[in-house]
Amino acid sequence: DILTILRDDPDDNPDLLRLAEILADRGKRAPVFGYEFGASRWQADFAWANGNVKIAVVTPHQDPDDDEARRRDAAYTEDGWVVHTATEWLQHLDQLLDVIPSTDEGSLR
């Protein structure tokens, strides 16, 4: 379902689509899509929170002075999350693949 949604508008965030396709091809557990964290409901495109694993994929900062995005990233980080954009996660793909659990059920496909 996630891939179908992302493929409906592939130009919206091509790196998020690429990341989702790689994770699906590797049989990784599907994330929570559109996760909201805390009382401020900080948005993440994808999130995995299983035991020690707290991973979030967030939208990039709109500009260098994007205070809202900085506060979002700080809120996640202070709670023990590892937070990167899809582009950044693609650059750290091995790290992500090591921590996201594999599954036959609930994959991105």
Side-chain angles (χ1 to χ4, degrees):
D1 292 343
I2 294 171
L3 285 173
T4 301
I5 293 167
L6 293 175
R7 287 177 177 148
D8 280 345
D9 192 2
D11 295 331
D12 185 43
N13 191 336
D15 284 345
L16 186 63
L17 174 58
R18 183 170 167 233
L19 181 64
E21 289 174 333
I22 291 168
L23 295 172
D25 288 344
R26 302 283 177 94
K28 295 300 182 176
R29 183 172 296 156
V32 174
F33 187 47
Y35 182 81
E36 295 178 345
F37 173 73
S40 295
R41 302 180 73 166
W42 300 106
Q43 185 86 29
D45 292 321
F46 294 163
W48 293 266
N50 303 8
N52 307 8
V53 175
K54 289 183 174 181
I55 302 290
V57 179
V58 296
T59 57
H61 294 209
Q62 296 302 310
D63 60 59
D65 297 324
D66 190 344
D67 289 333
E68 188 75 10
R70 273 201 302 272
R71 287 195 303 273
R72 174 203 64 204
D73 295 353
Y76 275 93
T77 301
E78 288 169 11
D79 193 57
W81 290 76
V82 179
V83 179
H84 292 301
T85 65
T87 303
E88 293 166 338
W89 276 121
L90 287 168
Q91 295 168 359
H92 298 94
L93 190 56
D94 289 340
Q95 177 190 357
L96 184 61
L97 291 171
D98 285 345
V99 296
I100 301 299
S102 296
T103 185
D104 292 331
E105 295 181 27
S107 73
L108 292 164
R109 291 219 183 274

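Every heavy atom of this structure was used, including side-chain atoms; hydrogens, water molecules and symmetry mates were not. Because the structure is a prediction, the values reported are computed rather than measured.
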Please assess Asp12 against Leu17 for the test side-chain contact (heavy atoms from CB on, under 4.5 Å), listing each intermediate value before the final yes or no. CA-CA 9 Å; Asp12 185 43; Leu17 174 58; over 6 Å; no

Check Glu21 with Arg18, please: is the shortest side-chain N to carboxylate O separation under 4.0 Å? no

Any chance the rings of Trp81 and Tyr76 have centres within less than 6.0 Å? yes

The test is side-chain contact (heavy atoms from CB on, under 4.5 Å); show your working for Ile5 and Ile2 and say whether it passes. CA-CA 5 Å; Ile5 293 167; Ile2 294 171; 5.7 Å; no

Euclidean distance, Gln91 CD relative to Asp15 CG, rounded to 0.5 Å: 8.5 Å

Of all the heavy-atom pairs spanning Val58 and Asp45, show the shortest one and how long it is. C-OD2, 3.8 Å

Closest non-hydrogen atom pair between Gly34 and Gln43, with its separation: CA-NE2, 3.1 Å

Set out, in order, the CA-CA distance, both residues' side-chain angles and the distance that settles side-chain contact (heavy atoms from CB on, under 4.5 Å) for Glu68 and Trp42, then state yes or no. CA-CA 9 Å; Glu68 188 75 10; Trp42 300 106; 3.2 Å; yes

Side chain to side chain, His61 and Asp73, heavy atoms closer than 4.5 Å: yes

Just by distance, do the side chain of Asn50 and the backbone of Val53 share a donor-acceptor pair under 3.5 Å? no

Verify, without hydrogens or angle tests, whether Lys28 (side chain) and Ile100 (backbone) share a donor-acceptor contact under 3.5 angstrom. yes

Counting only heavy atoms not in Arg70 (residues, nucleotides, ligands), do more than 12 fall under 6.0 Å from its CZ? yes

Does Val32 form a side-chain contact (heavy atoms from CB on, under 4.5 Å) with Trp48? I'd like the steps, not just the answer. CA-CA 6 Å; Val32 174; Trp48 293 266; over 6 Å; no

Side-chain donor-acceptor pair present, Ser40, Arg72, cut-off under 3.5 Å: no

Atom pair OG1/CG of Thr87 and Leu16 - distance to nearest 0.5 Å: 9.0 Å

Checking side-chain contact (heavy atoms from CB on, under 4.5 Å) between Val99 and each of Ile55, Val82, Asn52, which is the one that passes? Ile55

Nearest non-hydrogen partners of Lys54 and Gly80, listed with the distance: CB-O, 3.8 Å

Do you know the tightest heavy-atom contact between Thr85 and Val57? C-CG1, 4.1 Å

Spacing of Asn13 atom CG and Thr59 atom OG1 [to the nearest 0.5 Å]: 8.5 Å

Let me confirm one number: the CG-CH2 distance from Leu97 to Trp89, rounded to the nearest 0.5 Å. 10.0 Å

So CG of Leu96 and CG of Leu90: to nearest 0.5 Å the spacing works out to 9.0 Å

Does one hydrophobic cluster hold both Val83 and Phe33, with members joined at side-chain heavy-atom distances below 4.5 Å? no

